[in-house]
Amino acid sequence: MGKRAALPVLSADALSSVAYGPEAMLGVLVLVGAAGLAYSYPVAGAIVLLMLAVGLSYRQTIRAYPHGGGSYIVASDNLGRVPGLIAAAGLMTDYVLTVAVSIASGIAAIASTLPSLVSATVPLGVGVIALLLAGNLRGVRQAGALFAVPTYAFIGAVFLLIGFGLTDAAGREFTSEPGPVTPVTETVGLLLIMRAFSSGATAMTGIEAISNAVPVFRPVEWRNARTTLTWMVSLLITMFVGIVVLTRVTGVVPRPEETVLSQLAHLSFGTGWMYVFVQAATAAVLLLAANTAYNDFPRVLSLLARDGYAPRIFMRLGDRLAYSNGIVLLSIAAALVFVAFGGLTGTLIPLYAVGVFLAFTLSQTGMVLHWWRLRNRHWRKSLCFNAVGGLLSAAVFITAGISKFTSGAWVAIIAIGLFLLVTTRIRHHYDTARAALRLHPHAIELPAHGTDSALTGQRSSPAAAQPTGPTDGSTGPALRTDGEGEDQELPEEIRHLSVVAIAALDLAAMRTLAYAASLQQPVLAVHISLTEDEARRFRDYWTLWGDHLPLEIVTSPYRAVVAPLVNYLEALHRQNPDLTLTVILPEIITQRRRHQFLHNRTAPRLRRALRPLPKIVVTTVPFHL
């Protein structure tokens, strides 16, 4: 992907946040009237310094992790398991709130143009989430053109707005217009300034997206990614500062019935087509920014599942090559948050900063340790950049957690704690299951002829080990029988082939192979590998075990398991329509019912897929943990 296409695709979330970041800052300062608004420039200056520091920090992350370095990966690699999980918790909270906040802000932009829609905010938001869910489950991908038009339109709209506003202000020598009289409900103090700072800092959400997606750039990937990040941060700072300056010189303050951007557009363009253009571009980029979470949330969840911290079903790709289960979970969580907080941007913002800056803090702290250990060329400069970014991010996280605790930040903090508890318990269960399933030396169950599963080191009988399938990658075994199809009703007329689907060589698989061989019918083992390297490793394990049975390996590069297995069995059935196929699967049975969800439910899905085909039986061999 070139830089011009990557900028709108990867920056939609970050750049669209200027639609609500400055307004969130002013919404806190206006609580003390004109005296509070006087602090908008110093607070905005501190936020700009934070943007620069974090932007420079992520430039170092891109150089250190040229294959993509999200907060979860960086924190896990350099700080350890628990900090990595906490960073993942912050990211997951961030993605859920990205959907909720972006949709809330987008609907607010629409309602500012069409005030009659204000009362329908919650239904409209839930409807948009449902549309995003349906679109992503159908495999709709963000093409560069799809993102480029709304994002570049929004950038153009904001710069036109700033240009017209500043030109008008220059004609009156930048004299600030008096704003409306606002009721004073609080006094100026350090806590209020901290709240305003942390609220305005939400304009930085999405700033790490480019460091996550370095491999999508054209060569030299890391250099193009750093250049694009520089463009994004420069645009973000310019737009943020321009909007803050405009609000001061025009006297605009946040109002519940109309957004700040809408008020500024009204002052500059009236109610003509330029005003409609600004509002339409704002709504479009915010709704598309919500969709970026549908890429990142399932991906991080799949990484957690790969490491054993989330149920394995989140590693599964759907028919459209999307992480369907992660997409559904994100939609449910975002809809619940959106409804619980009434779809109001102001009530959702306090939850936002906690997760975002927790992930920033841990990522940058991890990078400090990375440079300290590596100590390569320019390591001191890189360490300083990341240290400053980490300290400022930690300051925002602590500020948001303290100053906004009662305003809703407690929800995010509790959610992160629960996430850490649940993920560690899931990993504990998987570790226990792995220990129970591990093969032990001199105690391996081998398939044996007859009904007994002997613990011997001898090769199984010729009947059980008869080659029934190719091992050269062809579509299926060339077996022929003389049966009469499903009209066969006598036992001696039925000819069998037992197909054992195994994912790994463990005790559950060995028990299943032993059971299949004890039926005294030809047996074929089938393994679905996700990569060629995994296929070679499994073949080596099979040979080391003794190659007691013929093995067929099917490579599935899209992480799908059931569909390739069904296709293989269909090919087998077409070649041998008179043969009865018995598909035998190992099944893990847990002591507690709630743990059953953590193990793949392949058998029910396989039964549903094979139900239309005659003479195919699916059975399971239970292994009790």
Side-chain angles (χ1 to χ4, degrees), residues 14-54 97 101-102 104-105 108-109 158 161-162 165 176 179-180 182 184-207 233 236-256 258-264 282 286 344-354 356-357 360 392-393 395-404 407-409:
L15 297 180
S16 66
S17 62
V18 301
Y20 51 81
E23 183 170 357
M25 179 191 74
L26 294 172
V28 177
L29 294 176
V30 78
L31 295 176
V32 292
L37 293 175
Y39 288 91
S40 59
Y41 284 164
V43 174
I47 294 172
V48 168
L49 176 62
L50 179 63
M51 290 177 178
L52 282 172
V54 174
L97 288 168
V101 172
S102 295
S105 187
V158 172
L161 181 63
I162 294 171
S176 297
T182 56
V184 177
T185 58
E186 296 190 27
T187 58
V188 177
L190 179 61
L191 187 61
L192 183 131
I193 299 299
M194 292 169 63
R195 284 169 53 197
F197 173 67
S198 58
S199 294
T202 55
M204 294 175 55
T205 58
I207 203 169
V233 173
L236 180 61
I237 291 174
T238 304
M239 294 162 69
F240 180 84
V241 171
I243 291 172
V244 172
V245 171
L246 272 188
T247 58
R248 289 290 290 137
V249 298
T250 58
V252 166
V253 296
R255 300 204 318 247
E258 187 177 10
T259 65
V260 166
L261 275 184
S262 176
Q263 294 180 60
L264 292 173
T282 303
L286 283 166
L344 300 176
T345 307
T347 59
L348 288 165
I349 287 294
L351 285 73
Y352 212 177
V354 173
V356 173
F357 285 95
F360 284 175
L392 292 176
S393 298
V396 178
F397 167 67
I398 295 170
T399 298
I402 295 173
S403 63
K404 299 187 175 184
S407 302

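Computed from heavy atoms alone, side chains included, the values below leave out hydrogens, waters and symmetry copies. For reference, positions follow the sequence shown, starting with 1.
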Minimum-distance pair of heavy atoms, taken over all atoms of [X] and [Y]:
{"X": "V260", "Y": "P254", "value": "CG2-CA, 4.0 Å"}
{"X": "A109", "Y": "T282", "value": "CB-CG2, 4.2 Å"}
{"X": "A395", "Y": "T399", "value": "O-OG1, 2.6 Å"}
{"X": "V396", "Y": "A201", "value": "CG1-CB, 4.1 Å"}

4.5 Å side-chain heavy-atom contact, [X] and [Y]:
{"X": "F197", "Y": "L50", "value": "yes"}
{"X": "T250", "Y": "Q263", "value": "no"}
{"X": "L26", "Y": "V253", "value": "no"}
{"X": "F360", "Y": "I207", "value": "yes"}
{"X": "F397", "Y": "V356", "value": "no"}
{"X": "L286", "Y": "V101", "value": "no"}
{"X": "L29", "Y": "I193", "value": "yes"}

Worksheet item: With M51, which residues qualify under side chain to side chain contact (heavy atoms under 4.5 Å, CB included), at least two apart?
Response: I47, A203, M204, L236, I237, F240
Worksheet entry | side-chain contact (heavy atoms from CB on, under 4.5 Å) partner of L264, the single match among T259, I162, V158, I243 | I243
Discussion item. Quick one, V244 with M25, criterion side-chain contact (heavy atoms from CB on, under 4.5 Å). Give me CA distance, side-chain angles, the key distance, then yes/no.
Written reply: CA-CA 9 Å; V244 172; M25 179 191 74; 4.1 Å; yes
Fill in: OG1-CZ distance between T202 and F357, expressed to the nearest 0.5 angstrom
7.5 Å
Worksheet entry | Separation of I349 CD1 from S17 OG (nearest 0.5 Å) | 9.0 Å
Item to complete: Just jot down the side chain to side chain donor-acceptor pair (under 3.5 Å) partners of S199, sequence neighbours excluded, or say none.
Response: K404
Worksheet item: Can you list every side-chain hydrogen bond (donor to acceptor under 3.5 Å, both in side chains) pair that touches residues 20-37, not counting sequence neighbours?
Response: Y20-T205
Worksheet entry | S105 side-chain N/O to S102 backbone N/O, donor-acceptor pair under 3.5 Å | no
Discussion item. Please determine whether side-chain contact (heavy atoms from CB on, under 4.5 Å) holds for the pair V54 and L392, giving the CA-CA distance in whole Å, both sets of side-chain angles, and the decisive distance to 0.1 Å.
Written reply: CA-CA 8 Å; V54 174; L392 292 176; 5.7 Å; no
